[in-house]
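Here the structure is a predicted model, which is why all the values come from computation and not from measurement.
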Amino acid sequence: MNGNPTIKLYGADRCHKTNYYKTFLENTKLPYKFLDVEKNKDHAEALRNLYENRKLNFPTITIDDKKLRNPSDKDLTKWINKLSV
């Protein structure tokens with residue numbers, strides 16, 4: 001794969017974990033999209049479609065086709081590095 005992976009952060013502005021991941025991703029200097037699932041029903045639906053139980057499990061980060069639910073810093077860094085090659 002060339003270039004940057006497509007990174008999406010599904011979450012909510014009021015969620016401290018979402019805000020933690022926003023800061024983490026900003027520090028990677030990689031482009032990412034923040035998708036607020038409480039303010040946008042299309043984003044909420046996209047998140048529901050990622051899970052069989054159709055729950056709003058946030059924060060969830062997708063890196064290309066890889067889905068990470070509340071990843072540790074170590075796991076998130078590992079997948080960003082692995083998929084950025």
Side-chain angles (χ1 to χ4, degrees):
M1 180 184 301
N2 283 335
N4 294 330
T6 301
I7 303 172
K8 296 178 185 173
L9 169 60
Y10 294 89
D13 274 330
R14 66 168 178 80
C15 172
H16 73 280
K17 280 190 169 181
T18 297
N19 288 314
Y20 174 83
Y21 289 124
K22 275 184 179 177
T23 301
F24 184 98
L25 291 168
E26 283 162 13
N27 288 333
T28 68
K29 306 285 190 239
L30 290 172
Y32 76 96
K33 274 189 185 169
F34 170 58
L35 305 169
D36 193 316
V37 299
E38 291 186 331
K39 293 182 180 168
N40 185 308
K41 66 181 180 186
D42 291 335
H43 297 334
E45 186 61 20
L47 178 57
R48 288 183 198 282
N49 288 334
L50 292 176
Y51 290 97
E52 220 171 275
N53 64 12
R54 300 207 24 88
K55 289 192 174 170
L56 282 178
N57 292 324
F58 66 84
T60 291
I61 298 169
T62 60
I63 306 170
D64 292 334
D65 293 331
K66 179 67 181 170
K67 175 179 66 184
L68 302 167
R69 167 92 169 100
N70 277 331
S72 67
D73 290 2
K74 183 179 172 189
D75 279 348
L76 185 51
T77 300
K78 176 184 87 173
W79 283 104
I80 287 172
N81 290 339
K82 189 173 193 173
L83 296 172
S84 293
V85 180

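The OG1 atom of Thr28 sits 8.5 Å away from atom CG of Asn4, with the distance rounded to the nearest 0.5 Å. Here the CG atom belonging to Asp64 is positioned 12.5 Å from the NZ atom belonging to Lys82, to the nearest 0.5 angstrom. Expressed to the nearest 0.5 Å, how far NZ of Lys66 lies from NZ of Lys78 amounts to 7.0 Å. For the atom pair Leu9 CG and Leu76 CG, the distance stands at 9.5 Å (nearest 0.5 Å). The structure places OH of Tyr20 at 11.0 Å from CG of Asn70, a figure rounded to the nearest 0.5 Å. Between the CD1 atom in Ile7 and the CG atom in Leu83 there is a gap of 8.5 Å [rounded to 0.5 Å].
Residues Phe58 and Leu35 form no side-chain contact, since every pair of their non-hydrogen atoms from C-beta on lies 4.5 Å or further apart. Contact check for Asp36 versus Asp13: side-chain heavy atoms found under the 4.5 Å cut-off. Counting heavy atoms from C-beta on, the side chains of Thr60 and Tyr51 come closer than 4.5 Å. Side-chain contact between Asn57 and Arg48: absent, with no pair of heavy atoms (C-beta onward) separated by less than 4.5 Å.
The two residues Ala44 and Leu56 make their nearest non-hydrogen contact at O-CD2, 3.5 Å. For the pair Pro59 and Thr18, the tightest heavy-atom approach, listed with the atom from each and the gap, is CB-OG1, 3.7 Å. Here the closest heavy-atom approach between residue Glu26 and residue Tyr32 is recorded as OE2-OH, 3.0 Å.
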Discussion item. Assess the residue pair Arg54 and Asn49 against the criterion (side-chain contact (heavy atoms from CB on, under 4.5 Å)); give the C-alpha distance rounded to whole Å, side-chain angles, the decisive distance to 0.1 Å, and a yes or no.
Written reply: CA-CA 6 Å; Arg54 300 207 24 88; Asn49 288 334; 2.6 Å; yes
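For Lys67 (side chain) and Leu50 (main-chain N/O), a donor-acceptor pair under 3.5 Å exists by modelled atom type. Between the side chain of Asn19 and the backbone N or O of Arg14 there is no donor-acceptor pair closer than 3.5 Å. In this structure, the side chain of Asn81 engages the main chain of Thr77 through a donor-acceptor pair within 3.5 Å. Put simply, the side chain of Tyr21 gets close to the backbone of Pro71: a donor and an acceptor are under 3.5 Å apart.
Linking ILVMFWY side-chain heavy atoms closer than 4.5 Å, directly or via other members, places Tyr10 and Ile63 in two distinct hydrophobic clusters.
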